[in-house]
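The chains referred to below are lettered A, B, ... by the order of the sequence lines, with proteins before strands, and numbering in each begins at 1.
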Amino acid sequence: MVPNAYRPREIEPKWQEHWARNGVFRTPSDAGRPKYYVLEMLPYPSGVLHMGHVRNYSIGDALARYKRMQGFRVLHPMGWDSFGLPAENAAIKNRRHPREWTRSNIDAMRRQLDAFGFSYDWDCEMSSCEPEYYRWNQWFFLRMWERGLAYSKKASVNWCPACATVLANEQVVGGCCWRHEETPVEQQEREQWFFRTTAYADELLGALDELKAGWPDRVLTMQRNWIGRSTGTEVDFAVEGSDQTIRVFTTRVDTIFGATCLILAPLHPLVAESGFAERGQRMATAAATKSPDDLEKEGFFIGRYAINPYSGERLPIWVGNFVVMTYGTGAIMAVPAHDQRDFEFCRKHRVEIVPVIRPEKGELARADEMAEAFAGYGVLENSGEFSGLASREAIERMSVYAEASGFGDASVTFRLRDWGISRQRYWGTPIPMIRCRSCGVVPVPEEDLPVLLPEDVRLTGTGEAPLRSVQEFVRVDCPQCGGEARRETDTMDTFVDSSWYFYRYADARNDAAPFASDRVADWFPIDQYIGGVEHAVLHLIYCRFFTKVMRDLGLIDWDEPIRRLFTQGMVIRDGRKMSKNLGNVVSPEELVSTYGSDTARMFALFAAPPDRDLDWQDEGVEGMWRFLRRVYRLLDRNAGKAAAASSKALNAADRAVLRKLHQTIARVTADFDTRWHFNTSIASIMELTNEIYSMESLVSDGVMQEALQGLSLLLSPFAPHLSEELWQMLGREGPVLDVRWPVCDPDLAREDSVQIVVQINGKLRDRLRVPKGLPKEQLSARARETERIRTLLAGKTVRKSIEIPDRLVNFVVG
RNA sequence: GCCCGGGUGGCGGAACUGGCAGACGCAACGGACUUAAAAUCCGUUGUCCGCGAGGACGUGUGGGUUCGAGCCCCACCCCGGGCACCA
């Protein structure tokens, strides 16, 4: 008889079609079962699935299938982050409309995802570039506008000359654009729309504690740093010869008697006012394009003085390239004796250094002997009435004093800034605002939503907003006075789209509201979110912000959208991240056509634990392919055997196979429930397969059936097509997704004897097999009896012996 | 500079609570089957010494705790990532 071969190219499409026809992936609706929401980060529809996607979605699908087999009703949706720059660039290059280009990419990618057999419920699909979705972006914008959470202001913005657009602070990486890492970001003044993320700064920070249980520490730390809360004092310094004051923020007001000058950010208004506008501008640009490491501390004196409100001293006002306008007040007091940066600046520019803090146990430093600043807390000296106080207490008392005297406040400053969402781009959500000559800024009335993105637009790739040239779009009657008015022509940052998309999945076809509250309440919070760590601060802060806004709008009644977050590692090949430029990409489509998707999925999970970077090796794929074929052959030979529920006594091989089966069930189940090390899950399934192979001719038919059924089910989260095929070969009814996950029988899994290691002084000297659970005394006695140990211990005194049941005995001899 | 990860055979990785280091897989080598190849199956494979039984060494480096350390503590080196003149 010629054995049948494993032919994934036949069985995979067959089962995909079967699943689709029978609606197997549709979200179960029976309210009796507990819910589980598994979410993977939605892709940008570039048209091509890459290995990072495959890894991400293989993890998510394994979990979704496992949970479903455990009896949960699982929501497992997928959608498209389909607005964004690449569509516009492609349109310019290929003369195709972004919508057409995007939609055909989505179709292509949906096909690729389906070719992997991922269990998505496509009935929940959303795509952010469709008006059915983006109208709700506009709706949220209007709600925020009403509450003062959306506002416009003229602001100095980050401008990327390569993208020809404004970037959010989060999109600036080391002074350069996140997409064009070689292109320095420029500063420009523009009227921009902002979301007031800072209104929730304290809450976004405080709630991180609640997320500890389910989020990686790394992400929490990154968010904490990003929000960057620091407490301190704001102090006004009067400018000599004017009624102006300069406000500075400091965390160390206790050092203020050691302040020897003020330093302004190059873009501080007073710099321009004092006639140094151009010089300041130049300095700001130079500083923005260099990393802090190789930026010399430059600066200049503007010829004016300010008065220290505590000491009455007269301090020269400088401009410094290391002072940033966007943090605190854009001005600092320099205390060179107690701040290393100030120290370097003042040393270089020959500004006086005045120590005023001495270490708790030590002398006040002498200015001319200092090699570096003393930045620690200590005791105040030469600080007027505050002398003698410890730093901590002084900070408190001096803040109170400032407030009482009316020249300052205790204050809290955040690094987090409001989210600039305006983009001078076509392919995004139109901002639903109108500017009227007589009424000013007027929101588009809700009944006029959506503000549709016009289809006929000339895209040039230059800096102006493309919508500006579409007269039918721009010209509009003012909703208030009916007069001539103009629409806002900027579109929204695409991060707005992805800030709430996962709510839409729960009620994707709602055309009266972004979603119905009861439907999202049924599914939220997301039980498990899976994606790349690169979104730790952008997307994952914005979506938390949106949830808090939605809560305050009364749409939902929870504070955080995501209970558990999992960040998978990158896919690496030849020691570097896979990328087209490096020419080291592996095409998932090719893998599917050579080996089938089950092999690709299994290997993506087997090659490394999912939270670590994965080193891609083609030979490894080959090995996985061999394994699946081996499984198939095993089933092909044995599937026909009778599943007799035999009362016959089990032979030794039967017991061994059943033991391995139930041990494997326990291991795989534990991996799902705790640490997600699917590499070890799969390794243990391989061991089970090896065990069945080696016992193939010895086990009874009933046990063989039982083992093969178990094997098929254990494989199903990882290799669903093969699993479904095997299940059918075994004569069982599918779909496997609706079969209950196997349960470990501890009696069958138990080993009846264990190997014990016998050590002398910690060195391995012998092994012996004893019944499991043998108590210490007997263990020790048995260990002394073996011939090797008897000889080795002869004539020696055992000073001490350590017995660990089921593991080892260690004799300590003198 | 600060904050996270990580460092284990030729390679990817395993060792879950301090208890046999190297599971599982890859690669390599030897063998079986074959006219041959592929596929498959069986076996060997941390290093060194030894004909052998066996022994010594071995988880980035140096120290420590312990009957016992890949795992805990201290100091340091290297790789990856994040943050960064944040006042």
* **Any residue meeting side chain to side chain contact (heavy atoms under 4.5 Å, CB included) with A:Leu764, in chain and number order, not counting sequence neighbours** =>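 A:Leu764 satisfies side chain to side chain contact (heavy atoms under 4.5 Å, CB included) with A:Val757, A:Arg767 once adjacent residues are dropped.
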
* **side chain to side chain contact (heavy atoms under 4.5 Å, CB included) partners for A:Ala306, two or more places apart** =>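 If we apply the side chain to side chain contact (heavy atoms under 4.5 Å, CB included) test to A:Ala306, skipping adjacent residues, the hits are A:Phe237, A:Leu262, A:Ile317.
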
Quick one: do the [X] and [Y] side chains pair a donor with an acceptor below 3.5 Å?
X	Y	value
A:Ser780	A:Glu803	yes
A:Thr233	A:Ser399	yes
A:Glu751	A:Gln663	yes

* Asked: With nearest nucleotides of RNA chain B determined for A:Phe627 and A:Met333 from heavy-atom distances, which residue corresponds to the more 5′ nucleotide?
  ->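 The answer here is A:Phe627.
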
* Asked: Which sits closer to the 5' end of RNA chain B, A:Val323 or A:Asn225, going by the nucleotide each is nearest to?
  ->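 Checking each residue's closest nucleotide, the 5'-ward one belongs to A:Asn225.
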
Need one value for [X]: base, sugar-phosphate or nothing, where a base atom within 4.0 Å counts as base even if backbone is also close, heavy atoms only.
X	answer
A:Thr326	nothing
A:Gly228	nothing
A:Arg415	base
A:Gln759	base
A:Val248	nothing

Could you tell me how far [M] sits from [N] if I compare only their [atom1] atoms? Round to whole Å.
N	M	atom1	value
B:G58	B:G52	C1'	24 Å
B:G63	B:G12	C1'	33 Å
B:C16	B:A23	C1'	13 Å
B:A15	B:C72	P	14 Å
B:G25	B:U34	P	27 Å
B:U45	B:G30	P	15 Å
B:C3	B:G10	P	34 Å
B:G55	B:C77	C1'	33 Å

* Quick one, which residues of residues 336-348 of chain A touch RNA chain B with a heavy atom under 4.0 Å? ->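 Here the set is A:Arg341.
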
Rounded interatomic separation in angstrom, taking [atom1] from [X] and [atom2] from [N]:
X	N	atom1	atom2	result
A:Asp806	B:C20	CG	P	13 Å
A:Ile572	B:G5	CD1	C1'	13 Å
A:Leu220	B:C83	CG	C1'	15 Å
A:Met602	B:C24	CE	C1'	11 Å
A:Leu634	B:C41	CG	P	11 Å
A:Lys796	B:C67	NZ	P	20 Å
A:Asn810	B:G18	CG	C1'	13 Å
A:Arg633	B:C41	CZ	C1'	9 Å

Would you indicate which nucleotide in [options] comes nearest to any side-chain atom of [X]?
X	options	result
A:Ile802	B:C20, B:C86, B:G19	B:G19
A:Val812	B:A23, B:C41, B:C67	B:C67
A:Glu619	B:A87, B:G82, B:C26	B:C26

* **Test: A:Glu691 and A:Arg659 ion pair at under 4.0 Å** =>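 Salt bridge absent between A:Glu691 and A:Arg659.
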
* Asked: Is any side-chain N of the basic residue among A:Arg667 and A:Asp671 closer than 4.0 Å to the acidic one's carboxylate O?
  ->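 Looking at A:Arg667 and A:Asp671, the cut-off is not met.
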
Applying ring-ring contact (aromatic ring centres under 6.0 Å, His included), name anything that partners [X], two or more places apart in sequence or on another chain.
X	answer
A:Phe322	A:Phe345
A:Tyr327	none
A:Phe718	A:Phe672, A:Phe678
A:Tyr632	A:Tyr6

Write down the partner of [N] under the Watson-Crick or G-U wobble criteria, each distance required to be under 3.5 Å.
N	value
B:U44	B:A28
B:C83	B:G1
B:A36	none
B:G19	B:C67
B:G52	none

Give a yes/no answer on whether the side chain of [X] brings an N or O atom under 4.0 Å of OP1 or OP2 in [N].
X	N	value
A:Ser801	B:C67	no
A:Arg630	B:A39	no
A:Asn690	B:G25	yes
A:Arg629	B:U40	yes

* Does B:G9 sit syn or anti, given that only angles within 90° of 0 count as syn? ->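 That one's syn.
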
* Asked: Partners of A:Arg626 by salt bridge (Lys or Arg N to Asp or Glu O under 4.0 Å), sequence neighbours excluded?
  ->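 Not a single residue meets the salt bridge (Lys or Arg N to Asp or Glu O under 4.0 Å) criterion with A:Arg626.
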
* **For A:Asp611, salt bridge (Lys or Arg N to Asp or Glu O under 4.0 Å) partners two or more places apart** =>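 Once residues adjacent in sequence are excluded, A:Asp611 has no partner under the salt bridge (Lys or Arg N to Asp or Glu O under 4.0 Å) criterion.
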
* Give a yes or no on this: more than 12 heavy atoms of other residues, nucleotides or ligands lie within 6.0 Å of atom CD of A:Glu298. =>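 For A:Glu298, atom CD is crowded (more than 12 foreign heavy atoms under 6.0 Å).
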
Protein and nucleotides 53-57 of chain B: nitrogen or oxygen contacts under 3.5 angstrom:
| residue | atom | partner | partner atom | Å |
| --- | --- | --- | --- | --- |
| B:G55 | OP1 | A:Arg788 | NH2 | 3.1 |
| B:A56 | OP1 | A:Arg765 | NH2 | 3.4 |
| B:C57 | OP2 | A:Lys763 | NZ | 3.0 |

* Asked: Got a sec, which pairs hit side-chain hydrogen bond (donor to acceptor under 3.5 Å, both in side chains) with one end in residues 213-223 of chain A, sequence neighbours left out?
  ->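 Sorted pair list: A:Gln223-A:Arg544.
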
Name the pairs: protein N/O against N/O of nucleotides 12-16 of chain B, kept only if under 3.5 Å.
| residue | atom | partner | partner atom | Å |
| --- | --- | --- | --- | --- |
| B:G12 | O2' | A:Ala607 | O | 2.7 |
| B:G13 | O3' | A:Asn679 | ND2 | 3.3 |
| B:A14 | OP1 | A:Asn679 | ND2 | 3.0 |
| B:A14 | OP2 | A:Arg612 | NH2 | 3.0 |
| B:A15 | OP1 | A:Arg675 | NH1 | 3.0 |
| B:A15 | OP1 | A:Arg675 | NH2 | 2.7 |

